[in-house]
Amino acid sequence: MRRQIIAGNWKMHGSRVENAALVDAIVHKLPNSSAEVWVCPPFVYLAEVGRALAGSRISLAAQDVCAETQGAFTGEVSAAMLRDVGCAGSLVAHSERRALYGETDQLAARKFAALLAAGLTPILCLGEKLAERESGRTFEVVDRQLDAVLDLSGVAAFSRAIIAYEPVWAIGTGKTASAQQAEEVHAHIRGRIASRDAKIAALVRILYGGSLKAANAAELLSMSNVDGGLIGGASLKAEEFLAIIAAARA
Ligand code: 13P
């Protein structure tokens with residue numbers, strides 16, 4: 001069975017003092033769950049949070065990465081730099097990056113490849129907007145987002161990557177996809193990968209994200225194709241995040 005992953009995306013929240021308290025609470029009260037745990041702090045806090053996580057079984061990931069390796073790219077951070085400060089991976093093309101900063105499927109694919117080249121784990125975010133779901137285009141959208149990466153890096157790359165399905169209409173809205181809605185899209189994504197390589201499809205972890213919280217975690221995480229969660233708001237509250245970890249499938 002695939003080991004579940006509970007990952008916290010802190011987005012643009014926190015401070016040195018708040019992060020220290022949050023990490024301390026998570027590290028010291030981590031439930032005896034077999035789930036893999038990740039946190040994704042803002043760039044400027046990565047090194048410090050990484051030091052606070054040292055010796056724990058929690059992995060560190062960034063929220064974004066530059067597609068280029070080095071050079072005159074003011075404001076950007078490379079995959080090698082992320083590895084240098086202790087990251088094991090990074091989110092790629094979160095829906096907020098796609099919607100607010102114009103990230104295209106092609107840029108997402110290049111960022112994914114840059115992480116792999118640096119030996120880091122990409123956490124590729126996919127998902128449809130409300131209008132796309134309502135017009136019956138959910139599968140078409142996630143296929144397009146996924147295929148851009150498959151076409152550039154090949155299906156074998158997914159043996160070293162994680163996927164996060166995050167329906168845009170469920171992010172930060174309090175509206176969660178039903179367990180059946182999530183399962184349907186997760187199964188579809190796995191099927192699309194299986195059409196290129198069934199073995200890799202069976203192993204790749206597909207996380208659900210979008211208003212996941214302690215109250216709905218057990219139901220969503222019980223679905224057979226839901227291999228964990230990518231959590232925004234609820235990952236900033238230690239008790240909520242710990243309860244979600246405790247709800248992960250053993
Ligand atoms: P919320 O859990 O706050 O809805 O955010 C989900 C998300 O975007 C995680 O990456």
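Just the heavy atoms: all of them, side chains too, but no hydrogens, waters or symmetry mates, feed the values below. As the structure lists them, so they are numbered: ligands from 1, and atoms in each ligand from 1.
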- Message: Any side-chain to backbone donor/acceptor pair from Arg2 onto Ala202? Under 3.5 Å, distance only.
- Response: yes
- Query: Distance-only, no hydrogens or angles: does the Arg196 side chain make a donor-acceptor pair with backbone N or O of Val155 under 3.5 Å?
  - Reply: no
- Query: To the nearest 0.1 Å, how far is atom 3 (O) of ligand 1 from its closest protein heavy atom, and which atom is that?
  - Reply: Gly233 N, 2.9 Å
- Can you list the steps and then say if His94 with Glu166 is a side chain to side chain donor-acceptor pair (under 3.5 Å)? CA-CA 8 Å; His94 187 277; Glu166 298 203 306; 3.0 Å; yes
- Residue, atom and distance of the protein heavy atom nearest atom 2 (O) of ligand 1 read Gly232 N, 2.9 Å
- Task: Could you find the nearest protein heavy atom to atom 7 (C) of ligand 1 and give me its residue, atom name and distance?
- Result: Glu166 OE2, 3.1 Å
- Item | Backbone of Asn9 reached by a side-chain donor or acceptor of Gln63 within 3.5 Å | no
- Query: Is any side-chain heavy atom of Ile163 closer than 4.5 Å to a side-chain heavy atom of Leu207?
  - Reply: no
- Message: Under the rule for ring pair (Phe, Tyr, Trp, His ring centres under 6.0 Å), what residues qualify as partners of Phe73, not counting sequence neighbours?
- Response: none
- Quick check: does Glu96 get an N/O under 3.5 Å from an N/O on ligand 1? no
- Nearest-contact summary for atom 5 (O) of ligand 1 - protein heavy atom, Å: Lys11 NZ, 3.2 Å
- Task: State whether the shortest distance between N or O atoms of Gly172 and N or O atoms of ligand 1 falls below 3.5 angstrom.
- Result: yes
- Provide the closest heavy-atom pair for Tyr208 versus Val226 in the form atom of the first, atom of the second, distance. CB-CG1, 4.1 Å
- Walk me through it: do His188 and Asn225 pass the test side chain to side chain donor-acceptor pair (under 3.5 Å)? CA-CA 9 Å; His188 175 84; Asn225 281 292; over 6 Å; no
- Item | Distance-only N or O hit between ligand 1 and His94, under 3.5 Å | yes
- Query: For ligand 1, is Ala170 a contact, meaning one of its heavy atoms is under 4.0 Å away?
  - Reply: yes
- Numbering the atoms of ligand 1 from 1, which are under 4.0 Å from a heavy atom of Gly210? 4 (O), 6 (C)
- Query: Just heavy atoms, cut-off under 4.0 Å: does Leu230 contact ligand 1 by side chain, backbone, both, or neither?
  - Reply: both
- Do any heavy atoms of Ala234 fall under 4.0 Å from ligand 1? no
- Where ligand 1 meets Asn9 - atom numbers and elements under 4.0 angstrom, heavy-atom basis: 9 (C), 10 (O)
